[in-house]
Amino acid sequence: MTLIRDDRRASRPSTEPAPERLVYRRPDLLSDVSTHYCPGCGHGIVHRLLAEVLGDLGLGPRTIAVAPVGCAVFAYDYLRLDFVEAPHGRAPAVATGVRRVRPDAFVLAYQGDGDLAAIGTAEIVHAAARGEAITVIFVNNGIYGMTGGQMAPTTLLGQRTTSTPGGREARTAGYPLPITEMLALLPGVGYAARGSIADPSSVGKTKAMIRRACEIQVAERAFAIVEVLSTCPIGWGMTPREAARHLVDDVPATYPLGVIVDRFRDPAPAASTPR
Amino acid sequence: MTLIRDDRRASRPSTEPAPERLVYRRPDLLSDVSTHYCPGCGHGIVHRLLAEVLGDLGLGPRTIAVAPVGCAVFAYDYLRLDFVEAPHGRAPAVATGVRRVRPDAFVLAYQGDGDLAAIGTAEIVHAAARGEAITVIFVNNGIYGMTGGQMAPTTLLGQRTTSTPGGREARTAGYPLPITEMLALLPGVGYAARGSIADPSSVGKTKAMIRRACEIQVAERAFAIVEVLSTCPIGWGMTPREAARHLVDDVPATYPLGVIVDRFRDPAPAASTPR
Amino acid sequence: MTERATILAGFGGQGLLFAGQVLARAALAEGREVFWIPAYGPEMRGGTAACTIIVGDAPIGSPIPDRLAALVALNPPSLAKYEPLVAPGGLLVVNDSLVEADPTRADVEVVRVPCTSIARQIGDERLTCIVGLGALVARRRFVGWAAVEVAIADLLVSKGPGVVAADLAALDAGRRAATAPAIKSVATV
Amino acid sequence: MTERATILAGFGGQGLLFAGQVLARAALAEGREVFWIPAYGPEMRGGTAACTIIVGDAPIGSPIPDRLAALVALNPPSLAKYEPLVAPGGLLVVNDSLVEADPTRADVEVVRVPCTSIARQIGDERLTCIVGLGALVARRRFVGWAAVEVAIADLLVSKGPGVVAADLAALDAGRRAATAPAIKSVATV
Amino acid sequence: MMTAPTLPDERVLMKGNEAIAEAAIQAGCDAYFGYPITPQAELLEWMARRMPELGRAFVQAESELGAITMALGASAAGARVLASSSSPGMSLMAEAMSYMAGSELPVLVVNVMRGGPGLGSIGPAQSDYFQATKGHGHGDYRVPVLAPSSIAEAIALVADGFDLAERYRTPVILLADGILGQAMEPVDPHFRSLPPRHDDWSLSGADGRPPRVVRSLHLRPEDLEVHNDHLGAKYREIAAHEVRWVGERLDDAEIAVVAYGTAARVARTAIARARDAGLAVGLVRPISLWPFPSAVLARLAARLRALVVVELSAGQMVEDVRLAVEGQAPVFFHGRTGGMVPAPDEVLGVIRRAWAITADREVTP
Amino acid sequence: MMTAPTLPDERVLMKGNEAIAEAAIQAGCDAYFGYPITPQAELLEWMARRMPELGRAFVQAESELGAITMALGASAAGARVLASSSSPGMSLMAEAMSYMAGSELPVLVVNVMRGGPGLGSIGPAQSDYFQATKGHGHGDYRVPVLAPSSIAEAIALVADGFDLAERYRTPVILLADGILGQAMEPVDPHFRSLPPRHDDWSLSGADGRPPRVVRSLHLRPEDLEVHNDHLGAKYREIAAHEVRWVGERLDDAEIAVVAYGTAARVARTAIARARDAGLAVGLVRPISLWPFPSAVLARLAARLRALVVVELSAGQMVEDVRLAVEGQAPVFFHGRTGGMVPAPDEVLGVIRRAWAITADREVTP
Amino acid sequence: MAVAAPASRVPLPARARRHAFHPVEIDTDRCKGCELCVGACPPAVLALDPGIVNRLGHHPVRLTDPARCTSCALCARICPDAVFTVYARPRETAR
Amino acid sequence: MAVAAPASRVPLPARARRHAFHPVEIDTDRCKGCELCVGACPPAVLALDPGIVNRLGHHPVRLTDPARCTSCALCARICPDAVFTVYARPRETAR
Ligand SMILES: Cc1ncc(C[n+]2csc(CCOP(=O)(O)OP(=O)(O)O)c2C)c(N)n1
Ligand SMILES: Cc1ncc(C[n+]2csc(CCOP(=O)(O)OP(=O)(O)O)c2C)c(N)n1
Ligand code: SF4
Ligand code: SF4
Ligand code: SF4
Ligand code: SF4
Ligand code: SF4
Ligand code: SF4
Ligand SMILES: [Mg+2]
Ligand SMILES: [Mg+2]
């Protein structure tokens, strides 16, 4: 029951004694408000994991976080952290600016897949190439959630979106972009991994990845990224449970789960076969 | 003496008979003017190769070329081709616009390493991801030539430039960017290769790569890119011959020469070990 | 001025935008001028939603009405937000299923209709606003009743006759609720 | 107006910008106002180059002079381009090694100096413009001779005494060429 | 929302974003490039469906930078091109707009404005007036800017915009706002179509003719100045011939409200109420924001007691009004920002105040 | 070129770009972000050498988009930040400038202007005046713009710019041109230094205090309007207190030349020649382009026979002059574009013409 | 049919736990009815309550059978709205 | 010292080839004196001509010993300024 043990740890911020027999409670770093996210949206889960990990590691008071443009733009309303808003796609550059003038801060960038893998391609590639000591949480829901469900670079072939009404066709709309694999090629990238929030067990593994990505920044001052495969039930035109199923059944064929590179454990990157 | 035989072909545009015993002459697609390039600049060699290949393949009259912002901005003065100028880094997007409305054209983008691998990262990655049927000639001289020899993303570690006066240090200025290897991961990329113009034999091999990259566009309607390792004697602070030697001795350790992927010959990409 | 402005407001998922389109299309069919606009934006997703329809006999002026001829308020925040805009003598349809509070205005006509309950009885909460629309058109003939029915049929033609029938039933239930004396008296409770 | 504007122009590689800096620094050392600007740009690389120096006793006005007190033209295009700007009575130093054509102006003082040949004899073509500068300062004391020599020594201090000596030799050779009667007569050929 | 393609005989209800898209299609748009952004996303989505159906080019680009430079390429290659965005995305197009103006490339760019600055809000706004009419990109250039005030007018201006763009070889901006983009209004579904684009400079491959070059670089300042003079002459020609505006109830007006787009609609309602109250008020509605109808305002100002400028901004067009009026009449301003739209009664209040303050001004309507 | 760091006692010759960079360093700049572009590359290169020496932050970004958003991040985190570029690169910063204005972030941005539009030329120009003072990014915001006319003044304005930026929480633009960037002039090497940046809103980690958020998003239009009103009040305060300009020889002037930066130097030489020829001409040299010295021009205009505006542009600042003068005196314009700089005699010619045309105007100098 | 209830009414007050053990507290007002927890609960003791529309307009989730809850916290692990607090059965009852 | 020569003066006119065979024509006015060809020429028969400054300000390259040239065209292959035209020795002389 690793999961539960994880939870218990999460629920015990080092500052106060654990309430008797408490198994899980809302992490302290989550603000006491409802999110604007749609029912079942994966962003909520990722926020919670971040709150748990930063709480576990005691990083909250040192964190300067960068909010993306995307549905998670309001992350600053939900996480009790210092936050700066980046223009669409520029979170890694904004984080670089923060990093360079705040050597003691823990610098976190949170980005969606449109934000990171489309308009922000140059910024993420170069932050990674510089080996900028930042941790990037990359929430890949395969779609532009906020603007109404258009195709993202990460959208699966055949997937219907409001801008690929007949399903994404490679000939005209191109192929899904394995950007995390691309980043993993760069020597400045200390850690790159892909998790999912499809079910409680994936959530647990993803939490471990996020934790490692945070530790790498602190211990190794290297660039670390966790791509989290997530859901956008609204954009996908599915119920949250259908969306979760789709995330288990269909998405990992294009985006395989696992650690892609961990240069401080295994300096040679895991051979990744891109599709 | 393969080289000479190559040359003879190059010097015989299909339209006119070969002069008796002519071994090499300036290709017809090169305009009859002097370039503004510095003595020994590799751009001149790459221009000549392009003129030769397009001449050989009879593609000149079908070509719409895109000029970069960089020392090669005046390519339109030197190559007798239709040309459109792209804003800095956007040549692949401009080429995409051309491609989509001129299905019969041969679409060529010419870019420097600052243009392609820095400001234009998003555009090249996404043109490649879309498998846009364009041919990209990527002249990597490891520096910003036009603006006075500043560091490019491709600059070698330790290399002195006007913006890395103490030599490029990974800690602050990041690592050299193996962008062609990154692009080669993408399924839309039909062909990706890296050649050099350091000496006549490399020039010959590079010509063959450029030829293949042009053929792939025509025959397979896929994206093709040739990275050409080139010199910037002025920016490197070397004589042209010193620069050529540096290109042979030092650069390929960071940027290995050869075909990285040729999906229409060998669908599985060559294993590339990034540094 | 002959412009009549209506706001339909409530939760997303109550069928507001569709009901607004029905009203707009009915006006169009009658050869009137009409303007339809949703309150757009991400905060609307899963939260509150609203839709404005202005019907007139000349090209519509201001797209943001400051004098509403009618308001259909399907949840508590909508009532709070839009009630002040209703013009004196205007109509206020309140979703009795979700709104406990009473309107504060004394100079408007209030009709309480349990729109959500009725929609559920018909089988789909997304019909909530069509119920409200039935009540609205029953009390204020900005457009003719028949035009509304035709608009529903036209807009839903691709969804099949079952769907059309459900929507027409919701519309009619709204009309009946708004005209039944028992319900009307709620307004005075 | 006490402003005196000079343009040094020729090929890249003839040491134009450095010679301009020498002049500017000499003026600075004398407590004068001075303005130095290169013709900048990629077309300059390996092609033609130019540098403007304005010396005055009050803050310098227009950075682009339209009335030159002196021009040092080290190759044919420079002569063609800048000759018209020389003010009447101004000085025109022409590099006799590379410029065959004669100046067309009759209202200026022309001095032909084989700058390139002299520079080569001293051992470095990059001294060409220093030769021209020697000729210029010999004929027009915009700044004092000693200040020029000190400026050269200061600017080249890190390069070692050999380099300083070569530059001073070039400067002096230019002075001598510009004051030797044989050379001066070239202007009237 | 509605499907216009079948072209029914009667008026149909169309959403502004979709009507603009369909109008472009009917006008013969060969290629569309865009990137999603609220409140113009439906324009892109309409194109995503319709353009491939018609075998025309559609690309959802990687960014607005990508979209506008794809548009640049397609226009250089001879196509009739539409691009669209909303305020933050427009800002990203500044460099390429300057390039296209310099390269004289016809492209129609739609800005469905939202509240700024920065990420701002997604509410309707007119706070990109300065950007559209003046300093967007670097360098001396101007771009014709057309501002519709209804969906039907937006449709008409799409064809006009292409026409202007191609006649003068210039980018053109269609400046709408979130309300026009999101609203539905009845429109006549028979949109204007244009003959295919034709020119003797665009790129097709140098086959049997000398190579052509499309560029904005003129490295020698002398050359660039000649080019700028050429552009300047063109802009003067546009200014002389392409001013568009509409006047309403001006004949006896003592006060003119100056407003465009959505603000003009609010003004119209306010003016009707003012007339009901006995105040002689009319409307000047600029349609071309550049060239601005300065001459007509200068003429009118001489005989008005005041002008009232209403904008969904903190005051941008009002500078052009003041510049035109040159002190001949007082200019009052009322603006709302950030996505807020003034209520008609609010504008009526401003009119009343202007009326009162200028009671002793002599005017000869 | 020259090395200033040793701070000799005498004046030293410094290149404009390098002087600006060193001035920023002396003023306490914590971080620099840039991207190479002619004619400002030496500024970046100076910083590349000096900042690491001093243990301060220097990043050559992947693009101007990267540079300006790094600046945004560093400023949000409490640093004193400089960024620099030239015209095309400035255009790419439009979106982020709007974000920084909306987020109220102090950053000093240097634009060493070159000829446009598009890739244009690399010659000196003043054709980004509109962009700097008006419509660069989207939304209702203004940015203080300081325009030096000599290298010594550029040095002084760097410190002023940081000071303004931090006092008002706003980006500030230092608007120079290729000539100022490339030229060398003697400067006093003792530059002004500022106390370290200090505020109670920037980000350092929410340690023992509530979290802080730096943002421009206010999704509810009501909130965004409140924010815009706040910004508007700030801009009015800046306009009231931060106008900078210099007048020369105005006392008895019948004609005033209005020019800034490099154009003002040409004008000064032309005015000297005009005075030699007996014409009573003076100079108004705006230093702050926004806020613009409108009041002084309005006051002067009432007693002048004419104003002559000289720009390295097709006519941009002249609009603000006309707006200020409101028809009280004729405004003549002379501009050169694309990297060309007018010769003093050329400007003298324009002054003479203005003098002749306005010979019968009554003036009371 | 119940109208939207104020926050204090529906969630189980923490104090109540002392009396009858409830392994799971649900912040009903924040529940969006996505049913992810419903799918994740091994003993299937979670379900939406169709009788309630909360302040967000959703039918919130309800623990249908506290006794069968194993306190496994999988619901908490998956809930995007961090609605759950989970307690293990007190020792005396659990063991 | 020779001054910059007009284009027609220095390059070997094509006609001349008919008389004394010259394997390599050099467009002297375009040569930038980079010496890449000098380094690439196997028999080392190319060298800069210090006596000439061409229109571009460079000392152009010159074929020092036509007889030893093998017409291998490596010079042409490397020249960035496409300055060379290379002919093979006519059959009668070559074989
Ligand atoms: C410059 C710019 N372009 C476009 C937009 C509109 N926009 C807002 S969010 C978004 C993309 C959201 O997609 P993603 O990053 O995948 O986040 P998600 O909402 O799916 O979590 C876009 C295109 C914008 N705000 N700014
Ligand atoms: C937006 C923009 N930023 C910067 C520049 C300045 N600039 C011109 S060329 C260039 C880079 C040249 O480097 P590269 O692409 O490697 O070409 P090279 O000159 O080395 O062949 C830069 C930064 C510009 N013109 N536009
Ligand atoms: S639109 Fe998609 S990503 Fe955005 S909140 Fe809704 S479900 Fe989540
Ligand atoms: S600067 Fe470098 S790249 Fe540019 S022309 Fe000179 S050598 Fe070539
Ligand atoms: S703790 Fe486990 S058993 Fe109990 S409700 Fe949650 S998921 Fe179900
Ligand atoms: S997962 Fe959370 S929000 Fe979803 S139904 Fe369960 S308790 Fe409600
Ligand atoms: S052809 Fe060969 S041998 Fe002859 S000059 Fe050229 S490189 Fe030398
Ligand atoms: S390679 Fe070409 S340019 Fe260079 S020296 Fe030889 S001939 Fe001249
Ligand atoms: Mg997404
Ligand atoms: Mg380069």
Side-chain angles (χ1 to χ4, degrees), chain B residues 28-29 31 36 54 58-70 73-109 119-130 132 134 146, chain E residues 29-33 35 51-52 55-81 83 92-100 102-103 105 107 137 197 201-219:
Chain B
D28 292 333
L29 285 175
S31 306
H36 72 293
L54 296 178
L59 287 172
R62 282 172 55 193
T63 298
I64 300 180
V66 184
V69 173
V73 65
F74 289 113
Y76 45 71
D77 284 341
Y78 310 140
L79 289 163
R80 295 188 215 266
L81 300 169
D82 271 13
F83 254 103
V84 52
E85 160 201 282
H88 190 27
R90 318 295 172 211
V94 172
T96 298
V98 173
R99 168 78 293 154
R100 296 300 177 111
V101 302
R102 287 274 176 200
D104 298 332
F106 179 80
V107 183
L108 181 78
I119 193 169
T121 307
E123 287 72 22
I124 194 69
V125 165
H126 288 275
R130 283 190 304 268
E132 214 62 62
I134 61 175
M146 181 172 237
Chain E
C29 173
D30 298 308
Y32 171 87
F33 305 98
Y35 186 77
M51 294 294 272
R56 305 190 195 168
F58 166 89
V59 182
Q60 179 183 320
E62 57 274 15
S63 71
E64 290 86 355
L65 296 160
I68 196 67
T69 45
M70 288 176 194
L72 185 158
S75 176
R80 180 167 294 150
V81 185
L92 287 175
M93 297 183 177
E95 189 203 20
M97 288 297 283
S98 176
Y99 269 75
M100 295 195 302
S103 307
L105 287 173
V107 171
R197 198 186 128 183
W201 54 263
S202 66
L203 311 184
S204 53
D207 194 2
R209 58 156 174 78
R212 294 173 176 170
V213 179
V214 171
R215 66 183 166 126
S216 65
L217 175 67
H218 301 265
L219 194 61

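Chain A is the first sequence line, chain B the second, and so forth, proteins listed ahead of strands; every chain is numbered from 1.
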Sort out for me which of A206(E), G78(E), A57(E) touches chain B most, counting heavy-atom pairs under 4.5 Å. A206(E)
State, to 0.1 Å, how close L81(B) and P211(E) come at their nearest heavy-atom pair, and which atoms those are. O-CB, 3.3 Å
Toward chain B, the part of R209(E) with a non-hydrogen atom under 4.5 Å: side chain
Would you give the length of the straight line joining atom CE of M70(E) to atom CD of E132(B), rounded to the nearest 0.5 angstrom? 6.5 Å
Has E95(E) got a side-chain atom pairing as donor or acceptor with P87(B)'s backbone, closer than 3.5 angstrom? no
Not counting sequence neighbours, which residues clear ring pair (Phe, Tyr, Trp, His ring centres under 6.0 Å) with H88(B)? List them please. Y35(F)
Taking side chain as C-beta onward, heavy atoms only, is V94(B) less than 4.5 Å from Y99(E)? no
Counting N and O atoms only, with roles assigned by atom type, does the side chain of R102(B) sit under 3.5 Å from a partner on the main chain of L203(E), one being a donor and the other an acceptor? yes
Structural part of V69(B) lying under 4.5 Å from a heavy atom of chain E: side chain
Looking only at non-hydrogen atoms, find the nearest pair between V101(B) and A31(E) and report the distance. CG1-CB, 3.6 Å
Any idea which heavy atoms bring A93(B) and G66(E) closest together, and the distance? CB-O, 3.8 Å
Given a strict heavy-atom distance threshold of 4.5 Å, which part of S75(E) is in contact with chain B: side chain, backbone, both, or neither? neither
What pairs of residues pass the side chain to side chain donor-acceptor pair (under 3.5 Å) test when at least one of them lies in residues 62-73 of chain E, not counting sequence neighbours? R130(B)-E62(E)
Check whether A86(B) gets within reach of chain E through its side chain, its backbone, both or neither, counting any heavy atom under 4.5 Å. backbone
CD-OG distance between E85(B) and S216(E), expressed to the nearest 0.5 angstrom: 3.5 Å
Heavy-atom distances under 4.5 Å only: say whether S98(E) touches chain B with side chain, backbone, both or neither. neither
Could you look at A71(E) and say if it's the side chain, the backbone, both or neither that has a heavy atom under 4.5 Å from chain B? neither
Starting at CG of L72(E), measure out to CZ of R90(B) and round the result to the nearest 0.5 Å. 11.5 Å
For the atom pair CG (D77(B)) and CG (L217(E)), what is the distance rounded to the nearest 0.5 Å? 9.0 Å
Most contact-rich option vs chain E, by heavy-atom pairs under 4.5 angstrom, among V66(B), D82(B), V73(B), V107(B), is D82(B)
